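Written below as structure tokens is the structure these notes are about.
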Amino acid sequence: MTLFAISGQDIAKGWVNMKQKKPWGGRFAQQTAASVESFTESVSFDWRLYQYDIEGSIAHATMLAKCKLITEREKDAIVKGLQEILAEIDAGKFKFRESLEDVHMNIESALIDRIGEAGKKLHTARSRNDQVALDLRLWMRDQAHTTIRLLTALQKALVIKGKTFFGLIMPGFTHLQHAQPVLLSHYLLAYVEMLERDATRLRDCFNRLNKSPLGACALAGTTLPTDPAFTAKLLGFEGVCENSMDAVSDRDFCIEFTFCLSMIAMHLSRLCEEWIIWCNDEVKFIEISDAYCTGSSIMPQKKNPDVLELIRGKCGRVYGHLTALLTLLKGLPLSYNRDMQEDKIALFDATDTVQASVSILAELVAHTNFNREQMTAACEKGFIDATALAEYLVKKGVPFRMAHEIVGKIVRECIRVHCKLTDLQLEGFQAFSSAIEKDVYKVLGVENCIRNYRSYGSTAPAFVKKRLAYWEKKMIIAKGK
Ligand code: ARG
């Protein structure tokens, strides 16, 4: 069954549904039912592994020749045939056939059609079980790199904004209530840190999956004199999977990768949620350029943050794929089971979704302006310098719990008389604590607060500036790579 509608790309790649002799047909007296063919096929979605399938097959043939299981001439014919098939698929001229189930059998059949007898030797000491595990790992190595590159571009967009708006103060929130003043740059760099961990998580995942399963064959290995370490080396793997049954039956690397993607999606979703709030008429902290917003079909005045909403929404879809993969594997006895064919649907969509989200968000960040007036005005609300006042009292020797109590009472008084902390006269403060002196005005107000932060990792301008410089340097290095 074709689970996804066949895309234009599939059609361009020459999707056809024709009866074809099965590579596994020897044991069967009857033709496969058409309904079974269409229910069991995976080529409608696994065709996109073709480049990796061919890369793996070329390495496998090279190893077979080295181990004298095929001749050099046969290897050369296989390599040439596979390269021609690759060019044909790249050009959209290859005809994928549903009756040949998957990308692996489509390519193998095409090779046999093209070069004859030598092609029939390619599958020596190999099964589709280790072949598909290999293709997936090769594909995922590239996807990990692509995703990291996209994350870097998003980080860069955030750092650039952080530099442009350095010095702009906004209210930091807890419980979505005004809490303490922070630099906008500090807020933006919080996401840069998260995205950096996301990238390192992908690198960890890469390192764990970077082992070759080729050589495991169906599940038990082979009686033929092969050299799996050689293929692993040709394909740039760090080594060979140590256990053939594990090699063909686990998909933990797919789950881990999808988890890494889910974490990215979660981070993006948080930023999107915030910015959706930030561009509404009450808050107006940001203005996204028209090119990155959409309108309403009925309300002419509307300018909606649909891109942000869709990124937030797509996060649920990515989590869904993670859950699907975990559930797919949970009851599977060792080793390979056909259930595992479903892994690709989840994995491909999660990858496409997250990469598209990261990529568009980087563009949107670059096309967003921060509203200085609104942010500055918002800092006047919510007594966000109250904690600084409590810490002022601590510096005067008042125990923190008492200081907290005193400032709480001062705030209550300000609410009653409708004023800010900075509006109170010294006598007003001293009615609550004799420890308050006239230097109190050096700690009140958001500018003073920001200037007085000093702990490591805080929003103190000197720290933020240093961190901005750190990221900027890192981005330039990343670009140079
Ligand atoms: N298309 C299958 C998959 O994606 C690989 C084929 C293995 N099939 C088999 N009957 N052993 O998992």
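Just so we're clear, the structure is a prediction, and the values are computed from it rather than from any experiment. As the structure lists them, so they are numbered: ligands from 1, and atoms in each ligand from 1.
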Practice prompt. Using atom types as modelled and distance alone, determine if a side-chain donor or acceptor of Asn337 lies under 3.5 Å from a backbone N or O of Ser335.
Written response: yes
Practice prompt. Return yes if a side-chain donor-acceptor contact under 3.5 Å exists between Tyr191 and Gln155, otherwise no.
Written response: no
Discussion item. Which label fits Tyr456 and Phe463: parallel for a plane angle under 30°, tilted from 30 to 60°, or perpendicular past 60°?
Written reply: perpendicular
Worksheet item: Does one side chain, of Trp24 or Glu101, offer a donor that lies under 3.5 Å from an acceptor on the other?
Response: yes
Discussion item. Less than 3.5 Å apart, any donor N or O on the side chain of Gln143 or Thr351 sitting next to an acceptor on the other?
Written reply: no
Please tabulate, one line per pair, the protein nitrogen or oxygen atoms found under 3.5 angstrom from a nitrogen or oxygen of ligand 1, with distances to 0.1 Å, or say none if there are no such pairs.
residue, atom, partner, partner atom, Å
ligand 1, 1 (N), Ser42, OG, 3.3
ligand 1, 1 (N), Asp102, OD2, 2.9
ligand 1, 1 (N), Gln341, OE1, 2.9
ligand 1, 4 (O), Lys344, NZ, 2.8
ligand 1, 11 (N), Asn129, OD1, 2.8
ligand 1, 12 (O), Tyr336, OH, 2.5

Worksheet entry | Near-ring test Trp139/Phe348, centroid separation under 6.0 angstrom | yes
